[in-house]
Amino acid sequence: MRRRGADRGLGVDLVRNADRPVSSGMSSAPGTVGPDADLNAVLTLLASDDPNVNRVPVVEADETLVGLIARQDVIRAIRDARDDGHDAT
């Protein structure tokens, strides 16, 4: 379920920054993980002191992007592991 306020905030942010290049709002050297990374590696990046880190790029050894892990993905994985009686970490 998406929150209406979050959607509205995103829309306002996009409108406010429509004339700026994409590079002005992105990280130039984001922390990344490999496809075999464990949950702790992802949590370390998401729990950094940078409040703008909401997703972690998943890259191959040659730095080819193969996916993104969002905060919500991690929360769901922890919830699902808990519901199945497993330790997620």
Worksheet item: Is there a side chain to side chain contact (heavy atoms under 4.5 Å, CB included) between Val74 and Leu43 once you walk through the steps?
Response: CA-CA 8 Å; Val74 173; Leu43 286 172; 3.6 Å; yes

Worksheet entry | Working for side chain to side chain contact (heavy atoms under 4.5 Å, CB included), residues Ile69 and Leu45 | CA-CA 11 Å; Ile69 300 173; Leu45 293 171; over 6 Å; no

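To the nearest 0.5 Å, atom CZ of residue Arg76 and atom CG of residue Asp83 are 13.0 Å apart. Between the CG atom in Leu46 and the CD1 atom in Ile75 there is a gap of 9.0 Å [rounded to 0.5 Å]. With rounding to the nearest 0.5 Å, the separation of CG in Leu68 from CG in Asp73 is 9.0 Å.
In terms of the side chain to side chain contact (heavy atoms under 4.5 Å, CB included) criterion, residue partners of Thr32 (sequence neighbours excluded) are, by chain and number, Pro57, Val59. When the side chain to side chain contact (heavy atoms under 4.5 Å, CB included) test is applied to Pro51, no partner is found at least two apart in sequence or on another chain. Residues satisfying the side chain to side chain contact (heavy atoms under 4.5 Å, CB included) test with Asn54, not counting sequence neighbours, are Arg71.
In this structure a side-chain-to-backbone donor-acceptor pair under 3.5 Å is missing from Asp80 to Ala77. Thr44 contributes a side-chain N or O that, together with a main-chain N or O of Asn40, makes up a donor-acceptor pair within less than 3.5 Å.
Both Leu39 and Val66 belong to a single network of hydrophobic side chains, linked directly or stepwise wherever heavy atoms of I, L, V, M, F, W or Y lie under 4.5 Å apart.
With hydrogens and angles left out, the side-chain atoms of Thr64 and Asp62 include a donor and acceptor closer than 3.5 Å.
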